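Read through the structure below, which is laid out as C-alpha cells, and then see the notes.
The first residue of the sequence shown is numbered 1, and numbering continues consecutively from there. In each ligand, atom 1 is the first atom listed, and ligand 1 is the first ligand listed. Note that the coordinates shown come from a computational prediction; the quantities given were computed from them, not determined experimentally.
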Amino acid sequence: MTKTIIIGSNHAGIAAANTLLDNYPDQEVTMIDQNSNLSYLGCGTALWVGRQIDSYEKLFYTKKEDFEAKGAKIYLETSVSKVDFITKKIYCNSLDGKSFVEKYDKLILATGSVPIKPNIPGADLENIHFLKLFQDGQTVDKLLDQFDIRNIAVIGAGYIGVEIAEAVKRRNKNVLLFDTADRSLSSYYDKEFTDKMDENLIKHGIDVHFNERAQEYKGTDKVEAVVTNKGEYPVDLVINAIGFLPNNFLGKDYLELFRNGAYFVDNHQQTSDPSVYAVGDCATIYSNALEKTTYIALATNAVRSGIVAGHNVGGTKLDATGVQGSNGISIFGLNMVSTGMSVTAAKKNGFNVLYTDFEDTQKPGFMKENAEVKIRIVYDADNRRVLGAQMCSTADISMGIHMFSLAIEQKVTIDQLKLLDIFFLPHFNQPYNYITMAALNAK
Ligand SMILES: Cc1cc2nc3c(=O)[nH]c(=O)nc-3n(C[C@H](O)[C@H](O)[C@H](O)COP(=O)(O)OP(=O)(O)OC[C@H]3O[C@@H](n4cnc5c(N)ncnc54)[C@H](O)[C@@H]3O)c2cc1C
Ligand SMILES: NC(=O)c1ccc[n+]([C@@H]2O[C@H](COP(=O)([O-])OP(=O)(O)OC[C@H]3O[C@@H](n4cnc5c(N)ncnc54)[C@H](O)[C@@H]3O)[C@@H](O)[C@H]2O)c1
C-alpha cells in the first residue's frame with residue numbers, strides 16, 4: 001500500500017482524493033482539513049446572499065461520509081501546523097485539542113488560497129469581512145438582515161466584488177463598489193466589454209467608484225467610514241474582495257515557489273520535491289494562451305489539477321493540458337464570458353496583438369426573443385494564433401466560449417476559424433453567425 005496524505009479537502013483535494021479512491025485500490029488515502037465543511041461552492045454565495053436561490057444547503061456537493069465509504073481516513077477541524085519534508089511527517093492539531101503526527105509516502109498539498117487583506121489603518125474593525133468560506137457568507141448574510149446595516153462598501157470590482165455587489169443590492173441596501181482600476185472586471189475583459197458591465201451596474205443602482213483606493217477604514221469598534229484618495233464615505237459594512245494569494249504556509253521555506261508564492265509545479269502537478277504534489281489555488285498552472293506557467297485561481301482549475309495529481313500519484317502518467325483561464329459572469333441578466341487573454345492582457349504580456357469585433361443580434365430578425373451579442377477574438381499579429389475571446393449578451397451565449405478555449409489550447413489560427421463549420425438554427429444563431437463574422441472580418 002502507498003500512503004498518500006492530502007492536506008486541504010476542498011475542490012482540488014477532493015478531486016485528487018476521488019481520483020485515487022476510484023481508480024487505485026492499492027492507495028491508502030488520508031484527507032485533512034481545518035474547516036468543518038468541505039466542497040462549498042463559493043460561486044453560490046452571491047446567489048444565496050442575493051436570494052436568487054432559496055438556501056445554501058445544496059452548495060455542498062459531497063461530505064465526509066462519502067470518502068469514509070470509499071475507505072479514506074478523513075479528519076475535519078484539524079489543521080496541519082508543520083510538514084517535515086525530510087522525514088515525510090505531518091504534524092496535526094484538531095479543534096478538540098488533540099495533536100498527532102502522520103507519515104506519508106506521497107503528499108498532495110491542496111491548501112488553496114487566502115483573500116488578500118488590505119494593509120490599511122482600521123482593517124481590523126468589526127463589520128469588515130472577506131467572502132471566501134461558507135462561514136464568511138453566513139456572517140455577511142446575517143448582517144444584511146439588520147435594519148441599521150444600510151451602506152455597504154465592496155472593495156474590489158473583480159469577480160467576487162461584482163457578484164456580491166449585485167447580491168447586496170438585491171437585499172435593498174446601498175452599495176458602493178470601489179476599484180483601483182478605471183473599470184470593473186479589468187483583468188478579464190477589455191474596456192468595450194466592461195463599459196457594458198459598468199453601465200449595467202450603474203443602471204441597477206450600484207454606486208461605482210473607479211480609480212479609487214481605500215486608504216483607511218474609520219470607526220470606534222465597528223467600521224463607520226471608508227476613506228479613499230478621493231473622499232470619505234459613511235458605511236456600515238465592508239466586504240473586501242481584492243484577490244487571492246496562494247496559501248503556501250506549509251511549504252514556503254522548502255519548496256520552489258512562483259513569483260506570487262504559489263508552489264511551482266510541473267505538468268504532473270509535482271513540486272520541486274518528487275514526493276510532494278500541489279493542486280488548485282496553492283499551485284501554479286500552465287497557460288496555453290501565454291505559453292508560460294502562471295497563476296489562475298479558479299474552481300475549474302482546482303478540479304482538473306486534482307485529477308492530474310491523483311493519476312500521477314496513483315501510478316498513471318498523465319500530463320496536464322494547460323488552461324486558458326476560461327471564466328464567466330452573469331449580473332442582473334448581463335452575461336459575459338471570456339477565455340485566454342484580452343487585448344489589454346496580451347499587450348501587457350508583450351504580444352503583438354490584433355483583434356476582430358462583431359456585434360449583431362443573436363438570432364435572425366424574425367425571431368421573437370432575440371438579443372444583441374458582442375464578440376471579440378484576440379489573435380497574435382505575427383503568427384495569427386488565437387490568444388483570447390470575449391462575448392457579452394443578455395442571452396445565454398456562454399457555450400461558444402468553450403470552442404475558443406479549445407482553439408487556444410490547440411494553437412488554432414484566426415484564419416482557421418473563418419470557414420469553420422458552425423451550424424445554423426434560428427433558435428440559436430444566424431446563418432452569418434457572430435463567430436464566423438468576427439473571424440471573417442479579421443485583418
Ligand atoms: C465567493 C467566491 C466565488 C467563486 N466563484 C467561482 C466561480 O464561479 N467559478 C470558479 O471557477 N471559481 C470560483 N471561485 C474560486 C474557487 O472557489 C477557488 O478557485 C477554489 O475554491 C480553489 O479550490 P482549492 O481546493 O484549490 O482551494 P480552497 O477552496 O481554498 O480550499 C483549500 C482548503 O485547504 C484547507 N487548508 C488550508 N490550509 C490548511 C492546513 N494547514 N491544514 C488543514 N487544512 C488546510 C482549507 O480549510 C480549505 O478547505 C470563487 C471563490 C469565491 C471565494
Ligand atoms: N465567476 C467566476 O468565475 C468567479 C467568481 C468569483 C471569484 N472567482 C475567482 O476567485 C479569485 C478571487 O476573486 P476576486 O474577485 O477576489 O479577485 P479578482 O482578481 O477577480 O478581482 C480583484 C479586483 O480587486 C481590484 N483591486 C486590487 N487591489 C485593490 C485595492 N487595494 N483597492 C481596490 N481594488 C483593488 C483589482 O483591480 C481587481 O479588479 C479570482 O481568481 C477569481 O477569478 C471567479
Side-chain angles (χ1 to χ4, degrees), residues 6-16 31-47 49 59 75-83 90-94 109-120 130-134 136-137 140 153-164 167 177-188 194 209-215 226 228-229 239-251 278-283 295-303 305-306 325-331 336-338:
I6 303 173
I7 308 177
S9 301
N10 213 22
H11 309 302
I14 286 170
M31 301 164 71
I32 303 174
D33 203 291
Q34 62 199 13
N35 206 341
S36 54
N37 62 65
L38 67 164
S39 81
Y40 178 63
L41 288 166
C43 58
T45 300
L47 291 171
V49 169
L59 296 176
Y75 302 95
L76 295 186
E77 299 187 316
T78 302
S79 95
V80 178
S81 56
K82 189 180 128 184
V83 177
I90 65 162
Y91 294 79
C92 310
N93 305 300
S94 66
L109 294 168
T111 49
S113 52
V114 285
I116 299 171
K117 185 173 175 180
N119 184 18
I120 57 175
F130 297 100
L131 218 60
K132 167 80 181 167
L133 303 176
F134 164 63
D136 299 329
V140 166
V154 177
I155 314 292
Y159 265 158
I160 294 182
V162 169
E163 288 179 348
I164 200 66
L177 177 62
F178 295 92
D179 204 294
T180 46
D182 59 354
R183 54 203 175 87
S184 68
L185 306 178
S186 59
S187 14
Y188 305 93
T194 56
H209 294 263
F210 298 132
N211 293 312
E212 233 174 308
R213 178 182 291 275
Q215 294 175 330
V226 171
T228 74
N229 51 320
I239 300 170
N240 286 315
I242 61 169
F244 287 174
L245 279 176
N247 178 0
N248 64 8
F249 168 70
L250 294 171
V279 293
D281 281 8
C282 67
Y295 181 75
I296 307 174
L298 283 173
T300 47
N301 294 344
V303 170
S305 59
S326 301
N327 60 81
I329 190 162
S330 179
I331 300 293
M336 291 183 27
V337 286
S338 83

Considering non-hydrogen atoms only, spot the tightest contact between Leu59 and Thr45 and give its length. CD1-N, 4.4 Å

Within the protein, residues bringing a heavy atom under 4.0 Å of ligand 2, chain by chain: Ile155, Gly156, Ala157, Gly158, Tyr159, Ile160, Glu163, Asp179, Thr180, Tyr188, Arg213, Ala241, Ile242, Gly243, Phe244, Ala297, Leu298, Gly328

Please enumerate all residues that pass side-chain contact (heavy atoms from CB on, under 4.5 Å) together with Asp33, with sequence neighbours excluded. Ser9, Asn35, Leu76

Is any side-chain heavy atom of Ser79 closer than 4.5 Å to one of Phe249? no

If you count every heavy atom of other residues, nucleotides or ligands that lies below 6.0 Å from Arg183 atom CZ, does the total exceed 12? yes

Got Ser113 and Lys132 here, is their nearest side-chain heavy-atom distance under 4.5 Å? yes

Could I get the full list of salt bridge (charged side-chain N to carboxylate O under 4.0 Å, His left out) partners for Lys117, not counting sequence neighbours? Asp124

Could you pull out the N/O contacts under 3.5 angstrom between ligand 1 and the surrounding protein atoms?
{"residue": "ligand 1", "atom": "11 (O)", "partner": "Ala299", "partner atom": "N", "Å": "2.9"}
{"residue": "ligand 1", "atom": "12 (N)", "partner": "Ala299", "partner atom": "N", "Å": "3.1"}
{"residue": "ligand 1", "atom": "19 (O)", "partner": "Asp281", "partner atom": "OD1", "Å": "2.9"}
{"residue": "ligand 1", "atom": "19 (O)", "partner": "Asp281", "partner atom": "OD2", "Å": "3.1"}
{"residue": "ligand 1", "atom": "19 (O)", "partner": "Leu298", "partner atom": "N", "Å": "3.3"}
{"residue": "ligand 1", "atom": "19 (O)", "partner": "Ala299", "partner atom": "N", "Å": "3.2"}
{"residue": "ligand 1", "atom": "25 (O)", "partner": "His11", "partner atom": "N", "Å": "3.2"}
{"residue": "ligand 1", "atom": "25 (O)", "partner": "Ala12", "partner atom": "N", "Å": "2.9"}
{"residue": "ligand 1", "atom": "26 (O)", "partner": "Asp281", "partner atom": "N", "Å": "2.9"}
{"residue": "ligand 1", "atom": "29 (O)", "partner": "Asn10", "partner atom": "ND2", "Å": "2.7"}
{"residue": "ligand 1", "atom": "30 (O)", "partner": "Ser113", "partner atom": "N", "Å": "3.3"}
{"residue": "ligand 1", "atom": "30 (O)", "partner": "Lys132", "partner atom": "NZ", "Å": "2.8"}
{"residue": "ligand 1", "atom": "34 (O)", "partner": "Ala110", "partner atom": "O", "Å": "3.4"}
{"residue": "ligand 1", "atom": "38 (N)", "partner": "Asn247", "partner atom": "ND2", "Å": "3.3"}
{"residue": "ligand 1", "atom": "41 (N)", "partner": "Val80", "partner atom": "O", "Å": "3.0"}
{"residue": "ligand 1", "atom": "42 (N)", "partner": "Val80", "partner atom": "N", "Å": "3.0"}
{"residue": "ligand 1", "atom": "44 (N)", "partner": "Gln34", "partner atom": "N", "Å": "3.1"}
{"residue": "ligand 1", "atom": "47 (O)", "partner": "Asp33", "partner atom": "OD1", "Å": "2.6"}
{"residue": "ligand 1", "atom": "49 (O)", "partner": "Asp33", "partner atom": "OD1", "Å": "3.1"}
{"residue": "ligand 1", "atom": "49 (O)", "partner": "Asp33", "partner atom": "OD2", "Å": "2.7"}

Will you find, in the side chains of Tyr159 and Asn327, an N or O donor that is under 3.5 Å from an N or O acceptor? yes

Taking all non-hydrogen atoms of both residues into account, name the closest pair between Thr228 and Phe178 and its distance. CG2-CE2, 3.7 Å

Cys92 vs Tyr75 side-chain heavy atoms within contact, under 4.5 Å: no

